[in-house]
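Just so it is clear: chains get the letters A, B, ... in the order the sequence lines come, proteins before strands, and each one is counted from 1. Only heavy atoms go into these numbers, but all of them, side chains included; no hydrogens, no water, no symmetry mates.
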Protein chains: 2
Amino acid sequence: MPRLEVAARDTRQKRAIRAVLERAERPLSPEEILAAAQRSSAGLGTATVYRTVKSLVEESWLAAVELPGRPTHYERAGKSHHHHFACDACARVYEIEGCTVTPSLPRGFRVRDHEVTLYGICRACSTAKRASR
Amino acid sequence: MPRLEVAARDTRQKRAIRAVLERAERPLSPEEILAAAQRSSAGLGTATVYRTVKSLVEESWLAAVELPGRPTHYERAGKSHHHHFACDACARVYEIEGCTVTPSLPRGFRVRDHEVTLYGICRACSTAKRASR
DNA sequence: GTCGTTGCAAAGCGTTTGCAGCCTA
DNA sequence: TAGGCTGCAAACGCTTTGCAACGAC
């Protein structure tokens, strides 16, 4: 039996969350989304961020960026193939262009997807460190 | 002032955990380590596995394998450079050979390390699926 | 006997869920 | 007004920590 389309309501909280992600220049963690969205929607709660983000991923408006050792980050879906850089110092995650992975696999293994994560120090942090000396 | 070397005791639990990891052919999760080590050390607790694994990582006997969306796995340290394959069906993690990543980064970013994770179906699972039809 | 180690249970931490009240359509 | 949405707090799953008993040396 086909599930009927259910009306999705347009609320202040959802608008705030979408706006934050729309403007983001890098993938954001739920905590970053919450902090940014609270500026335009005071009182916004954690649960709402998680619930909204989850539904945005389901409708393919957002893409989940899972990073080893860090909470899942989120970025706008539909970008061209790319990978990520996670800064050891500030924990921010950046998008990086280009993908040159061509792994050879044992027989019988079938690849569905791949993730490449680079770790290091981002530009902002390496500049800050230099300046503080 | 140099910290004096503290005697590390050789216990049944630690021996069991090390033995499991020594014999493992792929990175194991804490849960897998616990289950396997309990066979030779009944009553072994979770906390002991985490504590032991942590100290083995500190002394570079073990390497942590962090995987997006899964608990950290552990493998013997000192292996040659390689990456990992995570099976969507059985959640097991495998080691894969060869690394062909040569990312180009924006100016000012410095890379310390990188991780490549492939997702898909492992050989055992694709064989099992075929057999069950 | 000393003191590092262990198991248990409680605490953490990020994420999810139950629920009563709220607010969009 | 209906019922999807929200904030709060409790519940989760995995990992860490506090603590008294244990056992290696």
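- For the pair A:K14 NZ and C:dC22 P, the interatomic distance rounds to 19 Å; values are reported in whole Å.
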Per-nucleotide protein contact string for nucleotides 16-25 of chain D (B base, S sugar-phosphate only, - none; heavy atom under 4.0 Å): BBB----BBS
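- Not one side-chain nitrogen or oxygen of A:Q13 sits closer than 4.0 Å to the OP1 or OP2 atom of C:dC23.
- Here the shortest heavy-atom pairing between A:R12 and A:A42 reads NH1-O, 3.7 Å.
- With A:I17 as the fixed residue, the side-chain contact (heavy atoms from CB on, under 4.5 Å) test singles out one of A:L34, A:V49, A:T11: A:V49.
- Salt-bridge annotation for A:D10 and A:R18: present, with a side-chain N of the basic residue lying under 4.0 Å from a carboxylate O of the acidic one.
- In terms of position on DNA chain C, the residue among A:E31 and B:G43 whose nearest nucleotide sits closer to the 5' end is B:G43.
- By the 4.0 Å N-to-carboxylate-O rule, B:R26 lies too far from B:E95 to be salt-bridged with it.
- Of all heavy-atom pairs between B:R107 and A:R123, the closest is O-CD, 3.4 Å.
- In this structure, the ring of A:F85 has its center no less than 6.0 angstrom from the ring center of A:Y119.
- Rounded to whole Å, atom C1' of C:dC13 lies 16 Å from atom CZ of A:R70.
- A straight line from CD of A:E58 to C1' of C:dT16 spans 13 Å, rounded to a whole angstrom.
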